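Just so it is clear, the model here is predicted, and its values are computed rather than measured. Residue numbering restarts at 1 for every chain, and letters A, B, ... go by the order of the sequence lines. Atoms considered below: every heavy atom in the structure, side chains included; atoms not considered: hydrogens, waters and symmetry mates.
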Amino acid sequence: MRLSSCGSGFSRDALGTLRQKASRPKPLPQGSLLRLLLAALLSLAGALHAQAIEPMPFANHAQELRFQHLTHQLRCPMCQNETLADSNAPIARDLRNQIFQMMQQGKSDDEIKQYLVARYSDFVLYDPPLTRGTWLLWFGPLLILLGGGGVVLVAIRKRGRMPANGSSGPRPPIDNGDDW
Amino acid sequence: MTPELGQLALILALLLALAQGVLPLIGAWRGNRALMAVARPAATGQAVFVAIAFGILVWAFLRFDFSVQYVADNSNLELPWYYRIAAVWGAHEGSLLLWILILNVWTVALAAFSQKLPEVFASRVLAVMGLVAVGFLAFIIFTSNPFGRLLPMPGDGADLNPVLQDPGMTFHPPMLYMGYVGFSVAFAFSIAALLGGELEQAWVRWARPWTNVAWAFLTCGIVAGSWWAYAELGWGGWWFWDPVENASFMPWLVGLALIHAQAITEKRGSLRAWTILLSIFAFSLSLLGTFLVRSGVLTSVHAFASDPRRGVFILAFLTIIVGGSLLLYALRAPKVAAGKPFNLLSRETAMLIGNLMFAVAAAMVLLGTLFPLIGDALHMGRISVGPPYFGFLFPLLMLPVVLLLPFGPFLRWGKGDAGMLKSMLLRVTIAALACAIVAAFFVDGHMKAIVGVAAAVWIGVGVLLYAYKRWREVPSGRRYPAEMAGMLLAHFGVAVFVVGVLLSESLSVTSDVRMAPGQTQHIGSYDFRFDGAHRTTGPNWRADQGVVTVTRDGKDIAVMHPQKRTYPRGQVQTESAVDAGITRDLYVALGEPMDAGNIAGAWSLRLYYKPFVRWIWAGGLLMMLGGFVCAADKRFRLKRTVTRAEPAIETRLQETRA
Amino acid sequence: MSRLLPFIGFMLLAGLFGFGIWWNTQHDPNAIPTPLLNKPAPAFDLPKLYEPTQTVSKADLLGKPYLLNVFASWCIECGVEHPVLEAEGPTLGVQLVGYNYKDVPADAKRWLAQHGSPYAVVIADEPGHTAIDFGVYGAPESFLIDAQGVIRYKHIGPLTPEVVAKELKPAIAALRKEKP
């Protein structure tokens, strides 16, 4: 199984991350799953964010904010655990520049997102679109809430009426619990 | 020679765990005291061997024993000794060994402190812990052996990922595992209760302190992880809703519901089945978290091992434990509602609503985390679910909780006092509105910030009003039992957390800038002056270090040193400079030199101004503290041998008379 | 009965996980399915690597199917893939078009001299803009484009003999069946 190596940023080779940087042949044994771990974790390495730091000639602060907001909602296709804002993969850099240019051309956020989705699929959107397929995702929690709420209501109703167990004698009045 | 001893120790531990898991259950079933008595010695023995195995691995790291594959993969000659110890749990095999070690820590503690529990019950509890240990030990021995040899032995190892070479990161897994594993205790209690047909809820009181402590540790682990991500990763964020973060958050939410449900069941005798179900869910989610990060089922930054064989093993283990316990629940859980009744307006209702919201939130996080997988199954292409989803739904679900929180203590059990509630509602509303209006002037009308202040004041004033009420009404010495003090601390922590999150999210300023030495940038109300970069070295790294002087209105505030480090294996890592403060953090990350060869020239930098970000973790730590304090309540200590389960009300009457 | 709900719910979840483990053995979990499948390839007009004054456009390549192989000299996995292309390339029955991605031409030429070139023609996309239109996010990637210029198959990652046999050759054969 291959993992995108976001440490070297370029090739898709988990093993390559380490080979590329090593000055001599690696002593690592074959099939080491640890290399996958390292490769995966290196995708976190701050190095990535170093190159993600890219001053751009924004016209004003509002534009900068819009750019930051937009790139934070988009997923890097290469370093897939990072936003476009934070990834240093070359493709992320290219896409950031592309987005900046499209902003200069006056394109709206939706148009920019559509542009990216047409090329990289819904994968690049961290905000899943509301489609027939994602209906369960967006409304599922509401359904669970309604279902659970119904159960809670029924339970409360039942308990308002039931006698207490474990105590002798006729049903005692609901006590106020002088303990706190 | 020694690593093989480690393997042997694990095998012996497995055998003892089998004994611990199986024999006492048979003994409890048959009333055979000899078999039941196997539990404690077997648990102790298992713990000893696991500790030996763990010690051998630590020793291998300290001695640079690169003939052990795991050591060669995770350390090298330049790694400082403290990070070599942390490297023990830096990857899959070793982290599992840590898991089982911590399971034994909890088991031994349980064995020691359960002397006064009824024997049948205690032996069942320890047996369940033993069965869990069997699963993990088998997994380690058969699929994830940390003691495998690497021959021929290399002269030097690879490295611990630089990102892990940080105090926060060494601290985070043990704390997190203390939490995850700690939920196994509540789980074991519930299973024992189901097995024994314990219809009374006295056992819940015994379970409460263990559960509170486990939840507190989990809180600590999550806070540590969040703080580390912020300090180390250079993105200025503290939570990403990444699958592995969610894997720790789900048990936290369910554990939170559980500690409240346990309170109700213990004091009022109601909601027994729900409390049992929550215990099973909490531990199941802990196990699920273990599964998610090791099976490769989800793309995540933390994915330890994407080996299908391991994935299948854990899945089988999960199915047996969780499926088995849920089946047991279906068959044996109390079917008749018991305990004291309660009205619509009562503390039980408020806590039940809270439980509902936490459970729905956990389900929502599970749904969002697993949805990419569901998308694959339904051939919908690859869908991403990230912060826009979670960050939208979670606050929405927590809104009712925030609104109800101040009223919890004021509401009485069974039937609340409407009059007192109305006066309280008036006071917190006035306080919240007043502070919101004042805040509006300071935050340039940012709605989020104003809401944050209002919510925090709403909760905080509610907590203070209750504390004040107790102080006035109850004589000194009995005002704040530990359980109540813990509650007040934790609830106040929620207020601190909420204001920290909302203020930092709405008022943060980030900017990528190009600065030549001597240039100044104005962010927030601070001036950042870049004073150039130079080379420097550390124990196992070389770095380009920048100097940034921060001033405010001419006054010197800080000198910051962001770095770009290069480690022996060539990994490059940005070490951001953070100037921490109570009301704000200043944060600088070094980018690239504008002219690739010339580090003394201009650089690109990312500057952050992050107000009140520390309050996020302060709030979390207050919640953690609340959990620990609550567990320390004298009520939870077993005062005498209990020979049979007794109804809670009788016990309490006797204790107040004593 | 309602007490069985948690159990049933969990077993469904376990089923989902079992599916997940199986699915991951069949697919590269980091591969993003292309939204351009069975859609026209984007228009392009790129200079040849060896004759930079001449360009090759999409229209130039219409009429015959071809395999567009994205590669670069900095890409380690491309070095792994290259022998496979050299060996299997001639047997595929379609021409190979090399797409040099974000590479310095001198480095690319040196790399090809070193590793050999199975390509009929090599085009260079040094800035990487056209690659975005193709949905490329790293190297190596391969596109099978038919005579009408429609993308019929995409593979992310290096081509292995197994992939060539099981996926690429059948796709090419399917193309041939369509032609009169």
(request) Is it possible for you to check whether B:Arg565 lies under 6.0 Å from the centre of the six-membered ring of B:Tyr567, through NZ or CZ, and within 45° of that ring's axis? (result) no

(request) Report the option among A:Val151, A:Val152, A:Leu142 that has the most heavy-atom pairs separated by less than 4.5 Å from atoms of chain B. (result) A:Val152

What part of [X] lies closer than 4.5 angstrom to a heavy atom of chain A: side chain, backbone, both or neither?
X        : result
B:Ser346 : neither
B:Ser576 : neither
B:Tyr389 : both
B:Met487 : side chain
B:Phe390 : neither
B:Phe66  : neither
B:Val474 : neither
B:Glu575 : neither
B:Leu344 : both
B:Leu396 : neither

Under 4.5 Å, counting heavy-atom pairs only, tell me which of [options] racks up the most with chain A.
options                                : value
B:Ile353, B:Leu378, B:Leu397, B:Thr510 : B:Thr510
B:Asn355, B:Ile374, B:Val385, B:Asp417 : B:Val385
B:Leu393, B:Val513, B:Ile383           : B:Val513

(request) Mark yes or no for whether A:Arg75, through its side chain, and A:Asn81, through its backbone, hold a donor-acceptor pair below 3.5 Å. (result) no

(request) Let me know if A:Leu145 has heavy atoms under 4.5 Å from chain B in its side chain, its backbone, both or neither. (result) both

(message) Between A:His61 and chain B, with a heavy-atom cut-off of 4.5 Å, which part of the residue counts as in contact: side chain, backbone, both or neither?
(response) side chain

(message) Sort by residue number and list every residue of residues 134-141 of chain A having at least one heavy atom under 4.5 Å from chain B.
(response) A:Thr134, A:Leu136, A:Leu137, A:Trp138, A:Gly140, A:Pro141

Does the side chain of [X] come under 3.5 Å of the side chain of [Y] through a donor N or O and an acceptor N or O?
X       : Y        : result
B:Gln69 : B:Glu93  : no
A:His69 : A:Gln73  : yes
A:Glu54 : B:Ser604 : no

(message) So which atom in B:Asp512 and which in A:Ile53 form the shortest heavy-atom distance, rounded to 0.1 Å?
(response) OD2-CA, 3.6 Å

(request) Could I get the full list of side chain to side chain donor-acceptor pair (under 3.5 Å) partners for A:Arg66, not counting sequence neighbours? (result) A:Asp109

(request) For B:Thr143, enumerate each residue passing the side chain to side chain donor-acceptor pair (under 3.5 Å) test, keeping only those at least two apart in sequence or located in another chain. (result) none

(request) Hey, could you give me the CG/CE distance between A:Asp94 and A:Met78, rounded to the nearest 0.5 Å? (result) 11.5 Å

(request) Could you tell me whether B:Phe240 and A:Tyr126 have their ring centroids closer than 6.0 angstrom? (result) yes

(request) Take B:Thr574 and B:Gln563, measure what side-chain hydrogen bond (donor to acceptor under 3.5 Å, both in side chains) needs, and give me the verdict at the end. (result) CA-CA 6 Å; B:Thr574 299; B:Gln563 292 175 341; over 6 Å; no

(request) Applying side-chain contact (heavy atoms from CB on, under 4.5 Å), name anything that partners B:Pro481, two or more places apart in sequence or on another chain. (result) A:Trp180, B:Arg470, B:Met484, B:Asp633

(message) For B:Glu473, is there an ion pair with B:Arg478 - N to carboxylate O distance below 4.0 angstrom?
(response) no

(message) For a 4.5 angstrom cut-off between non-hydrogen side-chain atoms, does A:Met56 reach A:Gln63?
(response) no

